[in-house]
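Right, one structure below, let's go through it.
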Amino acid sequence: MGKTVLIVDDHPSFRTSARRMLEADGYEVIGEAADGSSAIDAARELQPDIVLLDIRLPDVDGFQVADRLAANGATPAIVLTSSRDRSDFDYEIVASPAQGFVPKSDLSAEAITLLTR
Amino acid sequence: MTRLRRPPLGIAVVAFVVGIGALLVVINGEHNIHRGAYAALALGIGWGFTGTGLYAWRRRPGNNIGPLMIAVGFSGLLKALTFSNDSVVFTIGSLAEVLIYALLVHLLLSFPSGQLESGVDRLLVAIAYFNTTVVQLAGFLFTDPAKEGCARCPANPLLITHSHAAAAIVAAQMDISIALLGAVVAILYRRSRDSTTSQRRGLASLACLPFAFLVGLMRFRFSQAEAISSLVGRLGGGGGRGALRRALAEALGDPTLELAYWVPSQAAYVDAEGQPMRVDPALRDKIATTIENEGRRVAAIIHDADLAQERDLVQAVGAAAALTLENERLDAELRAHVDELRASRARIVTAGYAERQRLERDLHDGAQQRLMALGINLRLARDRIGSDAQEAAALLDASLEELREATSELRELARGIHPALLTDRGLEAALNGLAGRSPVPVELVETPHERLPSSVEAAVYFVVAEALTNVARYAQARTVSVAVVRSNGHVDVAVSDDGVGGADPAQGSGLRGLSDRVAALDGRLELTSTDGDGTTVRARIPCG
């Protein structure tokens, strides 16, 4: 069985595509969340191995979600993603407890595997 | 009861006849000395007050001062009847001889309005009348003139018995009179201290009764001329902003006086700095007198309510300053427009930033997300095309759907920035496009066939677009009509719906932004919306 994933993004079309992509590569998508607070609840409940986390969310941003997940102890591997470039968030990404960042335009199962193995 | 607008001429005739009668009574009286001096005094008071009262009544028909003065005059003449040798006439004179004091108290306390303004005033006057009628009668019932040292006085036909009670009553009457005098003096002193210069002059004159009252009324005229003359002198001296207000305040003797300038384009008053100013007709202790110049409203002088009786003076002073007021009004109007322009410019800049943020958000949330999903689907399709052609085809179908949605969202976004149809084919085609996309049926009543300046076309387009959006969102309308008419150098836009109405122009930034956009072209935007009677948005934009 592949690693379990929680997808956090407020755009349903993106969540659908990401799920399709990850499941095609053997990951098990066990949940989706559309905002930061429901992502924290879902992570606590589902205990995923990986959280694919959009930086721009309607309530709190992805960096804050990553901080809270890290503060909760049993931290999943966090992969940040955004439709913007890495250069827009360089400093925040380095300071974040997340494993890494993949722009949505380059998102692939291989890129996630590379960051979380 | 209907008040007489003019004093009856008969009063003068009666006063003359009664005066002659009083003169004869005094001259023929056998029980008094100084008859000549008293005759002159009685006539002086009687005719003087009656004449002055007639003048005051004629000049201010709505004011009680005139009739009160006439009453004082007649009571002065009645007092002369105490000289009569006839016991009945003598008795009438004796009973009425102190009535003049009550009338004088009434006159003093009701000056200048003619009304007793407070409960204390009314109480004092009631006591005065009681003291000079009931108490006077009570004393007279126990007074025998012969035993009071007037051997040649006629008999008192009302005498019950001569008694010491009369002395006690007279003493009580004196005490009441002294107390009354003290109270009246205190009230007049306080009133004089609180009153305007002009009123103070009147009160001062009144204090020098009796004839100075006439001078007081005359001085009103002189004070009017004096005030205008002093104002004109000061107006010539310049003195910068605020000088006019100070000059008017000095001329009217009201240091709290304020000026409000009328701005016709805003249908509102502003102060000298151009800031909005509320002129409340029900201001406490204040009254606003409107000043016009050649039939046009120029300003309002907001002055002490004490000047209510001297509205003529305020009007005259205002009229003398009308030209200067007009100049200051223009300055204030200019400042108001500059302030409005400054605020409008700030709003346009803010709206520009907000619009850019909205565009960024719309792009990020819309087309950009779809393109990201499209990329993922295409990559997946590429990976599957060799192993699972059916799955690859499904992914390509999904990709095409994302592409179609992204294209549609980009088109909407571009139309919101500036509609290509408007640029390419003009207002008529663009408005037809708006009407076609509106969820509420739109009747295009009239649209200009010719091309207009691009800035005007854009403003008209966005006014109609925003109005139609609001109709669809809030109006619950069945139909909406749009008319764009070019005439006399203007374009008039009207968007009217048959919905629920009750729209508040102060709510929502959309209309405010449109108002600024229209104002930037020297146009105006108006919203009319009544509960249950639909909403109409009107814009008028200059278009040479």
- Compare every heavy atom of A:Ser17 with every heavy atom of B:Leu380, then report the nearest pair and how far apart it is. CD1-O, 4.4 Å
Report yes if some heavy atom in the side chain of [X] is under 4.5 Å from a heavy atom in the side chain of [Y]; otherwise report no.
{"X": "A:Arg20", "Y": "B:Ile376", "value": "no"}
{"X": "A:Lys104", "Y": "B:Gln369", "value": "yes"}
{"X": "B:Gln368", "Y": "A:His11", "value": "no"}

[X], [atom1] atom: more than 12 neighbouring heavy atoms under 6.0 Å:
{"X": "B:Gln275", "atom1": "CD", "result": "yes"}
{"X": "B:Arg437", "atom1": "CZ", "result": "yes"}
{"X": "B:Arg473", "atom1": "CZ", "result": "no"}
{"X": "B:Arg358", "atom1": "CZ", "result": "yes"}
{"X": "B:Leu400", "atom1": "CG", "result": "yes"}

- chain A heavy atoms under 4.5 Å from B:Asp383: which part of the residue, side chain, backbone, both or neither? neither
- Item | Per-residue contact mode, B:Leu371 against chain A (heavy atom under 4.5 angstrom) | neither
- Between A:Arg15 and chain B, which part of the residue has a heavy atom less than 4.5 Å away: side chain, backbone, both or neither? neither
- Query: B:Arg384 side chain to A:Ala24 main-chain N or O, any donor-acceptor pair under 3.5 Å?
  - Reply: yes
- Message: Looking at A:Leu107, is its backbone amide N or carbonyl O close enough to the side chain of B:Arg379 to form a donor-acceptor pair, meaning the two atoms are under 3.5 Å apart?
- Response: yes
- Message: With a strict 4.5 Å heavy-atom criterion, list every residue of residues 405-413 of chain B that contacts chain A, or say none.
- Response: none
- Item | Matching residue for B:Met372 among A:Ser83, A:Pro103, A:Ser13 - test: side-chain contact (heavy atoms from CB on, under 4.5 Å) | A:Ser83
